[in-house]
Every structure is written in structure tokens, then in C-alpha cells.
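Worksheet: one structure, shown below.
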There are 2 protein chains.
Amino acid sequence: MRKDSRLSRVLHVLIHLDAFEHPVTSDTLAKMLNTNPVVVRRTMALLRDQGYVKSIKGHSGGWSLAKSLSDITLLDIHQTLSENSVFTIGLTDEHTACPIEHAVNRALKDAMDEAESLLLKRFGEVTLSELSIEFKAQLAT
Amino acid sequence: MRKDSRLSRVLHVLIHLDAFEHPVTSDTLAKMLNTNPVVVRRTMALLRDQGYVKSIKGHSGGWSLAKSLSDITLLDIHQTLSENSVFTIGLTDEHTACPIEHAVNRALKDAMDEAESLLLKRFGEVTLSELSIEFKAQLAT
DNA sequence: AACACATGTAACAATAAAAGTTTCATGATA
DNA sequence: TATCATGAAACTTTTATTGTTACATGTGTT
């Protein structure tokens with residue numbers, strides 16, 4: 001199953017952005033991520049709609065942070081990118097009249113909901129500024 | 001992202017199997033699941049290799065349980081079907097020299113590992129016999 | 001032995017979602 | 001006004017599950 005790596009990539013970008021004085025173009029970000037500028041715009045647009053970054057057109061334009069890294073958690077970005085379940089495990093819902101299917105799906109869903117809650121809780125406890133500490137420490141040397 | 005619904009489907013099948021006296025053919029199971037007999041064989045073969053079901057060829061052949069439902073947990077079947085991560089979230093590993101990427105991936109992985117551990121723990125606490133209780137109660141009425 | 005039935009398996013097609021690409025429009029700045 | 005950059009639509013590629021076709025193998029019945 002193909003994994004959605006947008007979260008990992010976007011977090012990477014946001015922390016890099018913090019180290020730039022001026023806006024960074026989609027082209028530059030794309031090269032940093034070994035990807036395409038259009039993919040960058042597509043993903044960053046979601047973050048802009050939520051107020052985490054801003055985009056400027058034209059000369060010396062590009063992307064920059066709209067909030068401090070300390071005001072952004074992993075959860076914020078995760079929820080901005082995907083509204084769906086974080087699991088590859090799907091539930092069948094084709095035979096809603098079958099009590100066995102109901103029991104199976106309820107058991108799976110209970111466990112998945114509990115695990116997802118824990119995941120989101122952990123995501124909410126980590127700010128991007130914490131993740132940038134190691135990077136900034138390197139720059140200081 | 002496409003979900004893997006094999007777990008839900010197979011659990012459904014196993015509990016139904018318990019209610020049959022004789023082996024059930026792949027064709028019959030396929031109809032129960034609105035799918036294809038080859039898909040059934042493909043998935044059930046994994047369970048057979050782990051000793052959860054057995055298959056019999058020829059006349060009056062088919063699939064039957066090789067263990068009691070009370071000796072099978074959700075975790076057993078989950079692990080039989082997939083060895084990969086249960087998350088749709090993927091980590092990039094293209095720029096292993098970048099300390100930011102390292103920090104991001106470690107943070108994501110820590111949270112995901114913790115959540116996955118909880119999920120598997122919950123899966124391990126539920127036996128299939130528990131899920132069949134509701135079904136059997138209906139048959140008794 | 002011949003036949004019917006069921007699994008075993010290989011090869012391929014369909015489907016779905018992320019990711020990549022091409023193209024052009026729109027807006028901002030020098 | 002020319003250039004730079006985002007915005008956005010349409011399309012292709014990629015990669016995994018799922019579905020399908022076809023045939024071989026084994027098993028029980030007549």
C-alpha cells in the first residue's frame with residue numbers, strides 16, 4: 001500500500017523555511033524535496049488556507065511562515081493534510097445486515113479509534129520548534 | 001488512500017465458518033463477501049499456512065477451521081495478513097544527511113510506534129469467540 | 001477408469017490514490 | 001512592459017489492492 005508522505009515532507013519544509021529570511025520559491029522547495037514545484041504548491045496551499053504559511057507572487061516572492069514554529073504542532077499539520085483515518089486497515093460495510101460483520105467491525109474500530117486517539121495526542125504534544133532545535137544547534141557550531 | 005479490507009473480511013469468514021458443520025467452498029465464501037473465489041483462496045492460504053484453517057480438495061471439500069475461535073485473536077489474523085505498518089503515513093528517507101528530516105521522522109515514528117503498540121495490544125485482547133457471541137445468541141432465538 | 005468437484009497457481013486486468021508533469025492563466029515587482 | 005512567481009486545470013505515472021481468466025492438480029464418486 002502506498003504511503004502518504006506529505007506530512008513528513010511538509011514538516012521538513014516548514015522547519016527549513018524558518019531558517020530563511022526571505023520567501024522561498026516552490027522551485028527551491030521542490031529541489032529540497034526531490035519533487036515537483038506543482039506538488040509543493042498543491043500541498044502548501046492547504047497549509048496557507050489554515051494560516052500556517054503565506055505565499056507571495058511575483059519578484060522575490062515564494063513561501064514563508066505565517067506562524068512561529070512554536071505555535072505549530074505535528075497535529076496541526078497532520079489534520080490540515082488529511083481528514084481521513086490514519087490506518088491502512090479498512091472496514092467492509094457491504095452487508096450491514098450481518099451481525100457478524102457488525103461485531104467484527106465494531107471490535108476493529110474500537111481498537112483503531114483508541115490507537116488513533118493516542119497518535120493524535122502525541123502529535124499534539126510536539127511543536128515544530130522542538131524539532132528544529134537539533135538543526136539550530138548545528139548552525140550555531 | 002486505498003484501504004486493506006482483508007482483515008475485516010477474513011474475520012467475517014472465520015466466524016461464519018464456525019457455524020458450518022462441513023467445509024465451505026471458496027465459491028460460497030466469495031458470494032458471502034461479494035468477491036471472487038480466487039481472492040478467497042489467496043487470502044485463506046495465508047491463514048492455512050499459519051494453521052488457523054485447513055483446506056480439502058475435491059468432493060465435499062472446502063475450508064474449515066483448524067483451531068477454536070477462542071484460540072484465535074484479532075492480532076493473530078492481523079499479523080498473518082500483513083507484516084507492514086498499519087499507518088497510511090509514510091516517512092521520507094531520501095535525504096538521510098539532513099538533520100531536520102531525521103528529527104521529523106523520529107518524532108513521527110515515535111508517536112506511530114506507540115500508537116501501533118496500543119493497537120496490537122488491543123487486537124491481542126480480543127478472541128474471535130467473543131465476536132461470535134452476538135451471532136450465536138441470535139441463532140438460539 | 002472416467003468424471004465431477006474443489007483447491008492451487010500463474011498471469012493479467014481493473015481500480016484507486018498519491019505523486020509527477022505539462023500547460024497556461026493571474027498577479028506582483030522591477 | 002518584461003519577468004518572476006503562484007494558481008489551477010488536465011493529464012500521466014506509479015504502486016498497491018482487488019478482481020478475473022485459465023488451467024493444472026488433487027480427491028472423491030460412480
Side-chain angles (χ1 to χ4, degrees), chain A residues 1-10 12-13 17 20 22-49 53-64 66 78 81-94, chain B residues 1-10 12-13 17 20 22-49 53-64 66 78 81-94:
Chain A
M1 171 152 316
R2 182 165 232 195
K3 298 301 183 80
D4 181 348
S5 64
R6 288 179 301 165
L7 179 58
S8 174
R9 290 182 160 190
V10 158
H12 188 177
V13 160
L17 270 188
F20 286 88
H22 302 295
V24 182
T25 67
S26 302
D27 265 287
T28 302
L29 294 178
K31 279 166 191 158
M32 286 169 44
L33 294 177
N34 283 337
T35 183
N36 195 285
V38 178
V39 173
V40 170
R41 290 192 197 110
R42 194 149 59 197
T43 309
M44 294 293 281
L46 297 172
L47 300 191
R48 183 196 52 217
D49 295 344
V53 298
K54 53 192 169 191
S55 60
I56 299 176
K57 294 181 178 180
H59 277 277
S60 69
W63 299 91
S64 54
H78 166 68
L81 294 181
S82 88
E83 56 299 332
N84 302 327
S85 165
V86 296
F87 293 104
T88 58
I89 298 173
L91 305 183
T92 57
D93 56 353
E94 295 151 2
Chain B
M1 167 148 322
R2 183 166 231 196
K3 299 300 183 81
D4 181 349
S5 62
R6 289 179 302 164
L7 179 59
S8 174
R9 291 181 158 190
V10 158
H12 189 178
V13 160
L17 271 188
F20 285 89
H22 302 295
V24 182
T25 67
S26 302
D27 264 287
T28 302
L29 294 178
K31 279 167 191 158
M32 284 169 46
L33 294 177
N34 283 339
T35 181
N36 194 284
V38 177
V39 173
V40 171
R41 289 191 197 110
R42 195 150 56 198
T43 308
M44 293 295 279
L46 298 172
L47 300 190
R48 184 196 51 218
D49 294 345
V53 297
K54 53 192 170 191
S55 59
I56 299 177
K57 295 181 179 179
H59 278 277
S60 68
W63 299 91
S64 54
H78 166 68
L81 293 182
S82 88
E83 56 299 330
N84 301 327
S85 164
V86 296
F87 293 104
T88 57
I89 299 173
L91 305 182
T92 57
D93 55 353
E94 295 151 2

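Convention: sequence-line order gives letters A, B, ...; per-chain numbering from 1.
In this structure, B:Asn36 CG and B:Lys31 NZ are separated by 11.5 Å, a value rounded to the nearest 0.5 Å.
Partners of A:Thr25 according to the side-chain contact (heavy atoms from CB on, under 4.5 Å) rule, which considers only residues two or more places apart in sequence or in another chain, are A:Asp27, A:Thr28. The side chain to side chain donor-acceptor pair (under 3.5 Å) check on A:Arg42 picks up nothing, with sequence neighbours excluded. A:Thr35 pairs by the side chain to side chain donor-acceptor pair (under 3.5 Å) definition with nothing, not counting sequence neighbours. Partners of A:Arg6 under the salt bridge (Lys or Arg N to Asp or Glu O under 4.0 Å) rule, at least two apart in sequence or in another chain, are A:Asp4. Scored by the side-chain contact (heavy atoms from CB on, under 4.5 Å) test, A:Ser26 finds A:Pro37, A:Val40, A:Arg41, A:Trp63 as partners (sequence neighbours excluded).
Note: CZ (A:Phe87) to C1' (C:dA17) measures 19 Å, nearest angstrom. The CG atom of B:Leu46 sits 11 Å away from the P atom of C:dT9 (whole-angstrom rounding). Rounded to whole Å, atom P of C:dG8 lies 13 Å from atom CG of B:Asp27. Separating the CG atom of A:Leu29 from the P atom of D:dT6 is a distance of 8 Å, rounded to the nearest angstrom. The interatomic distance linking A:Trp63 (CH2) with D:dC4 (P) rounds to 20 Å, in whole Å. Taking atom NZ of residue B:Lys54 and atom C1' of nucleotide C:dA6, one finds them 17 Å apart after rounding to whole Å. One can place CE of A:Met44 at 12 Å from C1' of D:dT6, the figure rounded to the nearest angstrom. Between A:Ile89 atom CD1 and D:dA16 atom C1' there is a gap of 16 Å when expressed in whole angstrom units.
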Heavy-atom protein contacts under 4.0 Å, nucleotides 20-30 of chain C, coded B base, S sugar-phosphate only, - none = BBB----BBB-

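Residue A:Ser55 places at least one side-chain N or O closer than 4.0 Å to OP1 or OP2 of D:dG7. Between B:Ser26 and C:dA6 there is no side-chain N or O to OP1 or OP2 distance below 4.0 Å. One finds no side-chain N or O of B:Thr25 lying less than 4.0 angstrom from the OP1 or OP2 phosphate oxygen of C:dT7.
Of the possible polar contacts, none joining the B:Ser5 side chain to the A:Leu91 backbone as a donor-acceptor pair under 3.5 Å is found.
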